[in-house]
Protein chains: 2
Amino acid sequence: MNKNKLTLKDVALQLGVSTATISNAFNRPDQLSAARREAILAECEKIGYTGPNKAAQILRKGRSNIVALILADSIAYTVSDPVASTFIKGVSRVLQQQGKHLLLYAGDSESILDVVDFVDGFICYGAPRNPKLAEEVVRQTKPAITVDFNIDGLPSINIDNEKAAYEVASQAIANDDHVAILGLRLIDSPSTCRIYDSPLIEVESSISHRRLDGYIRAIEEKGLIIENDWIWHIPESDRSFAKQAAKEVLHSSPRPNTVLCMSDIIALELLQSALSLGIKVPEELKITGFDGIEEAERTRPNLTTVCQASDKKGEMAATALLESRDKDEILPFEIKRGETF
Amino acid sequence: MNKNKLTLKDVALQLGVSTATISNAFNRPDQLSAARREAILAECEKIGYTGPNKAAQILRKGRSNIVALILADSIAYTVSDPVASTFIKGVSRVLQQQGKHLLLYAGDSESILDVVDFVDGFICYGAPRNPKLAEEVVRQTKPAITVDFNIDGLPSINIDNEKAAYEVASQAIANDDHVAILGLRLIDSPSTCRIYDSPLIEVESSISHRRLDGYIRAIEEKGLIIENDWIWHIPESDRSFAKQAAKEVLHSSPRPNTVLCMSDIIALELLQSALSLGIKVPEELKITGFDGIEEAERTRPNLTTVCQASDKKGEMAATALLESRDKDEILPFEIKRGETF
DNA sequence: CTGTTAGCGCATTCAT
DNA sequence: ATGAATGCGCTAACAG
């Protein structure tokens, strides 16, 4: 038994036909008679040739069937985030169904240059932590699509974050409430803190700032105002950061009775902290979340939140990329009324 | 501006040097003077050549820097499983650090043939749902390693599941207990059920069966016996399946007062079901889990479980693959005593 | 329907 | 330290 892999040429030689015929047997059934094709494939099977070398095909065809999913953060962080992993779920479902492969690409990598040549396209899920990646995606020529943020001329998939935030806040807030906001990545700080007068970061296309806009619109519409020291910045949707923020809010005086949270993870930490302090939810504290993760339905009381169907978003992103759709999509959201107000 | 990508040849021509020199400038710094190299790289930067085409490199060098992680199940299922995603976390950390890329490969795919030619190696995390994949992994020649199961001559990474199960069970069980087991993938059934006399599946290398062995050894050592109708089969570590099983156990008579669960997800569902029925844990019901997921520490009461450091396992798997270590590893585990017994 | 040929873009001898 | 030539394994044109 020969350990050296058979090549198309070897096989052609052995079967006494030309390389093109073997190639066609595998790639273009219409180029030869079914009988001949069957015979050839059977022979190949017998001699242990499993088909044309994929590496060579990639070079030759310029297509690999690999799609890169560029994440906002490291892979490590992303796979343990329920929203992101639900998105990945949707993406992977479509890709697998279409015979495509999924390459996970960290948003804090140096560069996409080492995959751009062999990948078929890019799905960018959230603004990559390393902004250089976004620039590189624009500069290259493979199809690409962004989700939850925008890049120059690329099609994008989003929900209307401003409107969603506005709606959930509107429903939660009463005219005489004292409102606080637990925000996500609002300013450039590695730790949880009130934003005070710190400059907001990447304000243009940041979903957090759209949500902030929506919250503030709702607040002002009730005739209230919110000062910057009642707005917290949380560097990432991580439980321990969130817990810190929750603690600060609940121990600040006067204690807010309505807290708008920019993610369910944050809201759940706040909820748990509040309960363990004996604060009654929603009587003494109303809470809204954002995202609609599964865990938020399981808690008691369950969370009122903005449901965005992340898996659908993933499916849509993959589909849009594969069909090279070119227009932006705004996906619907749904306010899911729970028991936290 | 030329939209056609520059090739090594183009650049060589423009700079008036040979292609080999350009290639060496990028790949083999020792083959030319530092000064010359710098000059060439600078020129390349200026004319917009970002380096040798990776697709061509894959063919030429036979290396892509892509590692395939073959999962037991679909990607969709796997990313939302806390144990698996923790494992991925560990893998990805090492890969990123080594400049390797991660291709997620579903265990229910048809075949690995369409990636085997360009991938640098395989990490197989759990026995793939499609057993053909495991065979294909053996037959091919790229480095490969298995985790949580075994394949023929491949190195593997495991914990001693039998011993871990034995230890946690030993600690939990008292001499006059009535014990039940909530098992995972014990028989070939798509739904939750007691195993009765159904034939056990893939008994040899299945971690579930090793755990079962350990549980039973502990039980018998206490002078007890467990009948097959007190052992449940749960098709996958999924909350709704687990909830069903929990319900069955808690409503069976006589109700067991000790339940050994083969995953934390299962244990957590049981815990929650028990509490909502007003059953006191651990006074009326002792529960053990398996895995040591984060959520199991957060619950009240928190779970007594077998902690296996899945992220370390992932790191170890990636490292072992990249360094082509050839021997099996048995990783340590730790019984984490919580409040559920 | 089949065979011949010319690259895809590069890395690596082997000369110089 | 450098340049010319060879082929990694395949596919798409084209010719027959």
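Just so you know, these numbers use all the heavy atoms, side chains as well, and skip hydrogens, waters and symmetry mates. A, B, ... follow the sequence lines: proteins, then strands. Residue 1 opens every chain.
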Report yes if at least one side-chain N or O of [X] is closer than 4.0 Å to OP1 or OP2 of [N]; otherwise report no.
| X | N | value |
| --- | --- | --- |
| B:S18 | D:dG3 | yes |
| B:S23 | C:dA11 | yes |
| A:R36 | C:dT2 | yes |
| B:R37 | D:dA1 | no |
| B:Y49 | C:dG9 | no |
| B:R60 | D:dG9 | no |

What is the distance from [atom1] of [X] to [atom2] of [N], rounded to the nearest Å?
| X | N | atom1 | atom2 | answer |
| --- | --- | --- | --- | --- |
| A:F118 | C:dC10 | CZ | P | 15 Å |
| A:N53 | D:dG7 | CG | C1' | 14 Å |
| B:D30 | C:dT12 | CG | P | 11 Å |
| A:I22 | C:dT2 | CD1 | P | 11 Å |
| B:D117 | D:dC8 | CG | C1' | 12 Å |
| A:R63 | D:dC10 | CZ | P | 16 Å |
| A:K9 | C:dT5 | NZ | C1' | 12 Å |
| B:I58 | D:dC10 | CD1 | P | 15 Å |

May I ask you to say what [X] touches in the nucleic acid, namely base, sugar-phosphate or nothing, with a heavy-atom cut-off under 4.0 Å?
| X | value |
| --- | --- |
| A:L8 | base |
| A:N24 | nothing |
| B:L32 | sugar-phosphate |
| A:N27 | sugar-phosphate |

Does [X] reach the side chain of [Y], with side-chain heavy atoms less than 4.5 Å apart?
| X | Y | value |
| --- | --- | --- |
| A:L102 | A:I88 | yes |
| A:V17 | A:I22 | yes |
| B:S92 | A:Y77 | no |

As a test of reading the structure: which of [options] is closest to the side chain of [X], going by heavy atoms?
| X | options | result |
| --- | --- | --- |
| B:T19 | D:dA5, D:dG9, D:dG3 | D:dA5 |
| A:Q31 | C:dT2, D:dC10, D:dG3 | C:dT2 |
| B:T21 | D:dT2, C:dT2, C:dG9 | D:dT2 |
| B:K61 | C:dC10, D:dC10, C:dA11 | C:dA11 |

Report task. Assess whether salt bridge (charged side-chain N to carboxylate O under 4.0 Å, His left out) is satisfied between A:K132 and A:E135, documenting all intermediate values. Result -> CA-CA 5 Å; A:K132 192 179 155 210; A:E135 292 168 23; over 6 Å; no

Report task. Return the 5'-most residue of the pair B:L59, B:A20 with respect to DNA chain D, ranking by each residue's nearest nucleotide. Result -> B:A20

**Report entry** Crowding at NZ, A:K142 (>12 non-hydrogen neighbours, <6.0 Å)
**Finding:**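 Counting other residues, nucleotides and ligands, NZ of A:K142 exceeds 12 neighbours.
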
Query - B:D328 atom CG, over 12 foreign heavy atoms within 6.0 Å - result: yes

Report task. Note down the inter-axis angle between the two ends of the helix from C:dC1-D:dG16 to C:dT16-D:dA1, five pairs each, to the nearest 10°. Result ->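 What I find for the helix from C:dC1-D:dG16 to C:dT16-D:dA1 is an axis angle of 30°.
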
Requested in this report: For the pair B:Y49 and B:F26, name the ring-plane relationship: parallel under 30°, tilted 30 to 60°, perpendicular over 60°.
Outcome: perpendicular

Under 3.5 Å, which donor-acceptor pairs do the side chains of residues 313-324 of chain B form with other protein atoms, sequence neighbours left out?
| residue | atom | partner | partner atom | Å |
| --- | --- | --- | --- | --- |
| B:K313 | NZ | B:D148 | OD1 | 2.7 |
| B:K313 | NZ | B:D148 | OD2 | 3.1 |
| B:K313 | NZ | B:Q308 | OE1 | 2.5 |
| B:E315 | OE2 | B:R93 | NE | 3.2 |
| B:E315 | OE2 | B:R93 | NH2 | 3.4 |
| B:T319 | OG1 | B:E315 | O | 2.6 |
| B:E323 | OE1 | B:R325 | NE | 3.0 |
| B:E323 | OE1 | B:R325 | NH2 | 3.0 |

